Colleague: 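What follows is a single structure, and I will ask about it in a moment.
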Protein chains: 2
Amino acid sequence: QVSFSEISPSEFFYRNRDLAGFSNPSRSLYSAMRELVENSLDACEMAGILPDIFIRITPLDSDESKQDPKPYVLRVQDNGPGIDPKNLSYAFGRVFYGSKFKLRQARGMFGMGGTMSILYGQITTNRPVKLMSAIGDGKAVQIQMMIDIRKNAPIVMDKQVVPAEGISGTSVEVTMEGDYFRAASKIQEYLRQTAVITPYANLVFIDALGRQFFYERVTKEMPVPPDETLPHPYGIDVEALRRLLQDSEEATLLKFMQQNFHRVGENTARRFLEFSGFNANMNPKSMETLQAVSLVEALHKYDNFLKPDASCLSPIGKDILKKGIEKELKPEFIAISVRPPSAYSGFPFIVEVGIAYGGKVLPQGLSLLRFANRIPLLYDEGSDISFKILDQDIDWRHYKVRTEAPLGVITHVCSTKVPYKTVGKEYLADRPEIERELKNALRDALRQLQTYLSRQGSMAAVQRK
Amino acid sequence: QVSFSEISPSEFFYRNRDLAGFSNPSRSLYSAMRELVENSLDACEMAGILPDIFIRITPLDSDESKQDPKPYVLRVQDNGPGIDPKNLSYAFGRVFYGSKFKLRQARGMFGMGGTMSILYGQITTNRPVKLMSAIGDGKAVQIQMMIDIRKNAPIVMDKQVVPAEGISGTSVEVTMEGDYFRAASKIQEYLRQTAVITPYANLVFIDALGRQFFYERVTKEMPVPPDETLPHPYGIDVEALRRLLQDSEEATLLKFMQQNFHRVGENTARRFLEFSGFNANMNPKSMETLQAVSLVEALHKYDNFLKPDASCLSPIGKDILKKGIEKELKPEFIAISVRPPSAYSGFPFIVEVGIAYGGKVLPQGLSLLRFANRIPLLYDEGSDISFKILDQDIDWRHYKVRTEAPLGVITHVCSTKVPYKTVGKEYLADRPEIERELKNALRDALRQLQTYLSRQGSMAAVQRK
Ligand SMILES: Nc1ncnc2c1ncn2[C@@H]1O[C@H](COP(=O)(O)OP(=O)(O)OP(=O)(O)O)[C@@H](O)[C@H]1O
Ligand SMILES: Nc1ncnc2c1ncn2[C@@H]1O[C@H](COP(=O)(O)OP(=O)(O)OP(=O)(O)O)[C@@H](O)[C@H]1O
Ligand SMILES: [Mg+2]
Ligand SMILES: [Mg+2]
């Protein structure tokens with residue numbers, strides 16, 4: 001009478017696709033586009049390739065009188081490293097499958113964004129996705145596939161291998177129900193903001209009306225790809241520690257500490273083990289469960305672990321941020337504040353804030369542009385921690401900014417684990433450490449603005465005299 | 001160099017447990033408590049058993065000087081129908097496993113809340129959960145188990161069967177790191193609001209300080225358990241239709257329409273098939289994929305399907321809502337507005353709104369109590385659709401409510417699929433149909449308040465004369 005069943009991850013997100021940002025045709029067209037573009041940018045950056053990304057949205061039916069919502073062909077192609085043929089169908093045909101489950105900054109983190117775009121196309125049009133991947137070995141693989149949603153597995157319907165001399169890259173062509181009429185401004189804004197923050201990328205967008213948008217790269221300087229890092233002691237839990245102990249190849253607990261934790265050298269390890277009362281020479285594999293629990297307690301309590309460093313992070317940087325703001329917002333004044341690396345729950349993060357004041361591009365009043373791991377966040381502004389800080393924690397009168405003055409605030413949080421509140425990566429949850437760093441960066445940038453404004457004020461006073 | 005891997009559902013929510021409401025010890029203690037209480041209430045209601053629910057939070061270490069966060073034993077026990085032994089370990093040991101993946105109103109919907117509570121306990125204390133279940137067959141099963149997080153499977157460490165004459169019920173005892181100091185007020189508020197909306201339940205809560213909270217039932221009248229229903233044509237997509245066609249046992253498309261869709265009788269089916277140009281006698285299994293796509297288009301376009309009915313829903317009802325508000329908020333005036341059944345994307349829903357004005361319990365100004373499928377929602381108020389309506393869409397001056405007057409707004413949305421924005425069931429996403437019904441209910445209740453206030457005003461005027 002009470003009947004139990006199990007559902008697969010793809011089945012779960014098929015039923016609950018609004019959790020992943022696929023709630024309606026307009027929103028889904030945006031989400032599919034962004035998931036694919038973010039995949040392309042991640043791949044190019046990891047491989048050190050200057051990104052050339054091509055995005056096209058074409059109505060399936062050439063009859064222009066047909067109203068939205070209606071089927072579109074969304075195609076995203078890049079010049080990145082491509083995807084190894086043995087992984088290609090699973091990369092897009094399985095939820096919770098990917099290459100970004102590591103402690104290293106990337107746009108992707110859940111192993112499902114590409115798959116959800118394919119899935120949404122399939123459930124609304126039943127057409128297979130067309131994938132093309134070349135990894136620079138002289139060949140390109142072309143696949144047509146669908147997803148077995150109940151089983152969370154790809155169904156490859158056609159596969160061809162063609163010559164592709166000297167090129168690499170990935171192309172995804174999905175047919176899906178969309179609403180370009182409603183989604184257009186958000187899609188264009190997403191690409192524009194991506195160009196602001198990724199000035200080394202070429203983005204070409206041909207939209208449903210055939211209009212071309214070309215964001216040309218303004219620099220050939222790419223950020224250094226971040227390294228994978230080890231977990232920090234403050235973020236470790238008992239499950240994670242037990243796995244490290246089980247997999248450990250170190251003969252002593254002292255060596256184990258050094259090999260498995262972020263920035264723990266021999267001195268730190270020795271002093272910590274002394275503090276925690278554990279024997280530095282004990283065999284990690286011999287540790288009992290209750291001992292592991294108290295080791296975790298000690299790891300959290302010990303005050304002298306080095307703060308996380310930023311080798312696993314890739315902030316935008318003051319120069320690039322300034323260039324991007326200048327190019328897109330053309331303000332009268334720019335202030336940038338880059339905070340030193342910090343951490344929440346052991347996850348390293350860096351906050352960067354820009355302020356753009358005046359000029360003719362920004363609308364009157366306050367605008368907020370939010371970014372996380374170089375992704376523009378365009379939804380749920382009111383729920384985001386940045387918005388709450390601007391709305392509740394900043395005393396604007398203190399900075400003598402006229403309320404009708406055009407003022408743009410640009411926030412970027414980068415981390416090995418961005419604390420998104422939702423699977424759809426819409427906004428950041430409140431984390432006290434991140435909140436504190438955002439406030440500090442904001443106040444620093446506002447002070448720079450205040451200095452500028454008072455100088456303006458005193459200059460105007462001098463001029464009037 | 002680019003290495004792919006797959007992670008299980010439990011591994012995904014272990015790494016991203018904040019998506020499910022397990023972000024820190026304080027929040028996790030609340031989330032674990034609520035997930036278990038909601039399971040107990042669901043089970044009792046489905047079985048028509050007046051719920052007796054016992055909740056206890058006890059510090060693991062009796063040394064009271066130990067500060068939060070620290071390990072607690074959380075125990076939730078009910079007199080419900082119990083869980084069949086063959087499903088017991090998977091019910092709590094597997095993510096995406098449960099009995100509520102159906103089109104019927106229930107608090108649970110994701111198949112993971114109980115499992116997450118166990119998982120959080122395990123990763124913070126490494127202790128097994130103790131489960132007890134009796135299904136009324138004279139025996140009770142006692143299990144100690146943990147979760148193999150990588151495999152998404154239970155690890156049963158001990159199992160005993162003991163005599164349990166004439167009783168049924170479930171008990172869950174999980175040991176987890178918590179912060180009762182921070183969580184106490186939210187936990188107490190959750191139970192108090194649950195008592196408001198579930199006046200037929202006995203709730204006994206013994207907290208970490210040994211204090212007893214007893215919410216005694218004020219009625220023995222229970223709501224009729226909702227029926228499982230069929231999908232409505234407006235909510236169907238191509239994947240869902242193809243599955244129905246594949247599993248279909250009907251010989252004709254006409255019969256198929258009647259057997260598989262909500263409130264589609266023979267007349268409606270015949271007229272729809274005529275409208276869509278499909279042959280009523282065709283064999284459903286012979287339908288081609290492209291035909292299925294155009295059938296779905298027609299299902300969405302056809303205007304004359306009956307609106308969903310409410311047999312799959314279980315609203316609180318005007319009487320119970322009024323009783324609960326009276327008992328807990330003791331206001332001077334109550335207005336209730338229950339909307340007729342409606343639907344979003346084919347999912348039936350009902351909106352109920354109560355207004356409580358005046359009295360000594362409510363604080364000054366506006367308070368919002370939100371409920372969905374009889375669950376109190378205590379987090380992320382500012383992101384919820386109800387809050388946005390109160391904040392942006394209501395002209396309060398129109399209703400002549402003094403801003404300092406105590407005014408409580410109680411909203412309840414019940415549906416076969418509550419459009420939660422997050423896996424942690426914190427708040428409702430914006431759905432235009434739900435938004436419209438909430439506004440209508442609110443305005444209706446406010447008009448009742450306005451009538452009352454103007455009568456008060458005129459009575460006071462008369463008295464002054
Ligand atoms: N354009 C691309 N070029 C190279 N590799 C890609 C590309 N698109 C996807 N991939 C690979 O496929 C994997 C799965 O992509 P998918 O978007 O589903 O998940 P993800 O990017 O890892 O995480 P998220 O769900 O957060 O986006 C990626 O991890 C990446 O290895
Ligand atoms: N106290 C209980 N009495 C009877 N059955 C229960 C009880 N607790 C859990 N169950 C069963 O175990 C299943 C799994 O519970 P779990 O909380 O993990 O998922 P759910 O309630 O179905 O969905 P959700 O994740 O939204 O809570 C339930 O569907 C229910 O069948
Ligand atoms: Mg991705
Ligand atoms: Mg549940």
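Just so you know, these numbers come straight off a predicted model, no measurement behind them. Lettering of chains follows the sequences in order, A, B, ..., and the numbering in each one begins at 1.
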Colleague: State plainly whether the residues B:D148 and A:R242 are in salt-bridge range, i.e. N to O under 4.0 Å.
Modeller: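 A:R242 and B:D148: not salt-bridged.
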Colleague: Could you grab the distance from atom CZ of B:F12 to atom CZ of A:F101, nearest 0.5 Å is fine?
Modeller: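 It comes to 8.0 Å.
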Colleague: Do the ring planes of B:F96 and A:F96 sit parallel (below 30°), tilted (30 to 60°) or perpendicular (above 60°)?
Modeller: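 Rings of B:F96 and A:F96: parallel, as their planes differ by under 30°.
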Colleague: Heavy-atom distance under 4.5 Å to chain B: side chain of A:S8, backbone, both or neither?
Modeller: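 Just the backbone, heavy atoms under 4.5 Å.
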Colleague: Does this structure show an ion pair linking B:K421 with A:D18, if we count only N-O contacts that are shorter than 4.0 Å?
Modeller: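 Here B:K421 does not pair with A:D18 in a salt bridge, since their nearest N and O are not under 4.0 Å apart.
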Colleague: Hey, could you give me the OG/OH distance between B:S23 and A:Y344, rounded to the nearest 0.5 Å?
Modeller: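 Reported value, rounded in 0.5 Å steps: 10.5 Å.
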Colleague: Side chain, backbone, both or neither: which part of A:L241 has a heavy atom under 4.5 Å from chain B?
Modeller: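 The answer is neither part of A:L241.
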Colleague: Roughly how far, to the nearest 0.5 Å, is CG of B:D84 from OG of A:S3?
Modeller: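 Between atom OG of A:S3 and atom CG of B:D84 there are 11.5 Å.
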Colleague: Which one wins on heavy-atom pair count under 4.5 Å against chain A: B:R150, B:K388, B:M46, B:E11?
Modeller: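 Of the candidates given, the most pairs with chain A belong to B:R150.
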Colleague: What I want to find out is whether A:R17 reaches B:E239 closely enough, with some N-O distance under 4.0 Å, to be called a salt bridge.
Modeller: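 A salt bridge is absent here (no side-chain N lies under 4.0 Å from a carboxylate O).
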Colleague: Is the distance between the ring centroids of B:Y97 and A:F4 under 6.0 Å?
Modeller: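 Close enough - the centres of the two rings lie under 6.0 Å apart.
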Colleague: Tell me, side chain or backbone of A:V296 under 4.5 Å from chain B's heavy atoms, or both, or neither?
Modeller: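 Neither part.
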Colleague: Under the 3.5 angstrom rule, does the side chain of A:K417 hit a backbone N or O of B:N16 as a donor-acceptor pair?
Modeller: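 No.
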Colleague: With the side chain counted from C-beta on, respond yes when A:I149 and B:R243 share a heavy-atom pair under 4.5 Å apart, and no when they do not.
Modeller: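 Heavy-atom side-chain distance check passes, below 4.5 Å.
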Colleague: Do you know which of A:Q122, A:R127, A:K102 has the most heavy-atom pairs with chain B at a distance under 4.5 angstrom?
Modeller: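 Result: the option with the highest number of such pairs is A:K102.
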Colleague: Give the C-alpha distance, both sets of side-chain angles, the deciding distance and a yes or no for side chain to side chain contact (heavy atoms under 4.5 Å, CB included) between B:I123 and A:V238.
Modeller: CA-CA 5 Å; B:I123 65 171; A:V238 183; 5.7 Å; no
Colleague: Report yes if some heavy atom in the side chain of B:V423 is under 4.5 Å from a heavy atom in the side chain of A:L19; otherwise report no.
Modeller: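 Yes; the side chains approach each other to less than 4.5 Å.
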Colleague: Between B:R15 and A:D237, does any NZ, NE, NH1 or NH2 come within less than 4.0 Å of an OD or OE carboxylate oxygen?
Modeller: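 Not counted as a salt bridge, because no side-chain N and carboxylate O are separated by less than 4.0 Å.
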Colleague: Less than 4.5 Å to any heavy atom of chain B: does that hold for the side chain of A:E426, its backbone, both, or neither?
Modeller: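 Contact with chain B: side chain only.
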Colleague: Between A:Y427 and chain B, with a heavy-atom cut-off of 4.5 Å, which part of the residue counts as in contact: side chain, backbone, both or neither?
Modeller: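 The answer is the side chain of A:Y427.
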Colleague: In chain order, what residues pass the side-chain hydrogen bond (donor to acceptor under 3.5 Å, both in side chains) check against B:S383, with sequence neighbours excluded?
Modeller: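 For B:S383, the residues satisfying side-chain hydrogen bond (donor to acceptor under 3.5 Å, both in side chains) (neighbours in sequence not counted) are A:S383.
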Colleague: Examine distances only and state if a side-chain atom of A:Y14 and a backbone atom of B:A240 form a donor-acceptor pair shorter than 3.5 Å.
Modeller: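 Present.
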Colleague: Checking heavy atoms, do the side chain of A:D380, its backbone, both or neither come under 4.5 Å from chain B?
Modeller: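 Looking at A:D380, just its side chain touches chain B.
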